[in-house]
Visitor: 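One structure follows; several queries about it will come next.
Whatever order the structure lists them in is the order used to number ligands and atoms, beginning at 1. The figures that follow rest on heavy atoms only: side chains count, while hydrogens, waters and symmetry mates do not.
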Amino acid sequence: MAHNEEYSLFEDVCSFVDDAAQHMELHPGLLDQIKQCNSIYKFHFPIRMEDGSYQVVKGYRVQHSHHKLPTKGGIRFSEMVNEQEVMGLSALMTYKCAMVNIPFGGAKGGVNIDPLKHNTRQLEKITRRYTSELIKKKFIGPAIDVPAPDYGTGAREMAWIVDTYEAFNPEAINAKACVTGKPLSQHGIEGRTEATGMGVYIGIREAVSVEEDMKELGLTTGLKDKKIIIQGLGNVGFYSAKYLTEAGAKVIGVAEWNGGIWNEDGIDIEDLKKYQVENKTFKGYGKGKFVENSIDLLENTCDVLVPAALENQITSENAPRIQAKIIGEAANGPITKEAEKILLEKGIMVIPDMYLNAGGVTVSYFEWLKNLSRVSFGKLEKRYDMEKYKFLVDSIENATGDAFNQEQRDAIIKGASERDLVISGLEETMVTAYHDMNQKRKDKKIKSLRTAAFILAIDRIAVSYTDMGIFP
Ligand code: GLU
């Protein structure tokens with residue numbers, strides 16, 4: 001994957017903010033306050049390895065904005081983690097939450113390790129130690145800062161975090177809300193695992209539903225038969241590909257860090273994922289052409305390119321060769337500032353990360369609410385609703401003398417489960433935000449959806465500061 005020592009995600013994000021600010025009237029002090037990271041915590045701790053040696057691990061937690069509390073954002077385990085990266089990712093969380101109207105400030109955490117080089121016992125030790133470092137400095141808590149999964153972490157790590165937090169805070173009745181993305185048995189929520197990918201699908205579906213925008217790109221509306229290339233088949237890439245395929249799109253290329261697969265007839269994503277889990281590579285997968293240098297796959301012809309791995313993948317170096325009509329940023333920061341300029345000049349539509357991958361934090365918000373209320377969604381009203389709808393259906397049948405068929409009856413009577421409500425909340429958030437962002441782009445007569453998204457987000461943050469009386 002592309003990697004450049006000079007690159008700073010945080011600087012890129014600040015520069016996107018500056019672009020948006022040109023279309024706004026903001027007090028310069030306020031703009032400066034919005035851009036800065038409010039708190040940065042960097043620490044080191046030693047881990048004893050299985051062979052008796054020691055490794056000193058670098059950890060970070062950055063809270064970018066306290067304009068709303070708690071702050072919110074994932075924890076990344078990767079050897080590429082550094083201060084600039086965590087700062088940039090935490091800033092993106094602030095704008096992401098503001099953009100989709102979720103009441104959190106932004107944060108991000110990182111641990112500089114390669115999780116593949118550690119066994120489960122060591123990973124547990126590292127996660128618990130990282131958590132106790134956060135507790136020590138009050139950098140975690142349901143009202144303070146609420147981590148979640150990110151690249152290299154998942155529900156298992158979140159379970160270790162909540163368990164550690166509870167051990168240090170035995171009387172905190174809200175302790176479960178100190179982290180989201182937990183396993184269901186540990187007070188997680190239905191749908192969180194697939195939420196980011198589902199949000200990516202909804203966002204792309206909305207984008208391709210706008211006739212005048214598709215006309216400009218020379219595309220028909222709808223997802224049916226759209227050719228898709230995905231980079232990264234982790235949690236986000238896999239679920240994005242799965243829902244896009246189920247809606248009629250065709251995934252023709254998948255790029256992973258250790259090689260890609262190309263098949264113009266379409267790739268069966270669940271089958272490929274199964275092969276990857278078993279073999280740790282796509283090499284030897286018979287149903288497509290194996291591509292050694294997978295980054296090249298991003299330059300192939302397709303309708304929608306979905307980078308779902310890491311930042312800094314489409315740079316000024318490869319941007320001129322990108323042939324996609326639409327790029328949906330499922331990862332955080334996959335396109336550099338310089339690259340985006342080139343892509344927009346080529347007439348490519350970029351659906352920005354801070355909108356497109358906001359499904360994860362949206363469902364995290366629902367999980368946090370569930371933990372604070374200590375009751376699962378739908379539990380109280382489901383049966384009551386079912387009885388009421390049954391009464392209504394029976395009354396209609398009696399009055400008309402006509403009967404609904406079983407399918408119609410079931411659809412009307414069914415009360416909403418936790419999963420139904422989560423998906424409904426996710427749909428509402430993603431659909432509304434897409435059209436707000438696109439409308440803002442048109443009102444401001446600009447090409448970039450990203451600039452439009454930043455304008456919306458900064459506006460909300462600015463109102464928050466001015467309503468506190470901090471800035472004029
Ligand atoms: N790590 C995810 C993101 O980048 C989710 C954050 C969360 O759920 O708090 O948006």
Visitor: Could you tell me whether the side chains of Q22 and D18 share a donor-acceptor contact shorter than 3.5 Å?
Guide: no

Visitor: Once the angle between the rings of F43 and F45 is folded into 0 to 90°, is it parallel (under 30°), tilted (30 to 60°) or perpendicular (over 60°)?
Guide: parallel

Visitor: Parallel, tilted or perpendicular, judged at 30° and 60°: which one describes the rings of Y41 and F139?
Guide: tilted

Visitor: Whether the T164 and T131 side chains hold a donor-acceptor pair (N or O, under 3.5 Å, no angle test) is what I'd like checked.
Guide: no

Visitor: Flag this pair as yes if the NZ/CZ of R128 is under 6.0 angstrom from the six-membered ring centre of Y130 and inside a 45 degree cone about the axis; otherwise no.
Guide: no

Visitor: Enumerate the protein residues lying less than 4.0 Å from ligand 1, judged by heavy-atom distances, in chain and residue-number order.
Guide: K72, G73, G74, M93, K96, K108, A148, P149, D150, R192, N332, G360, V361, S364

Visitor: May I ask you to decide if the ring planes of Y243 and Y201 are parallel, tilted or perpendicular, using 30° and 60° as cut-offs?
Guide: tilted

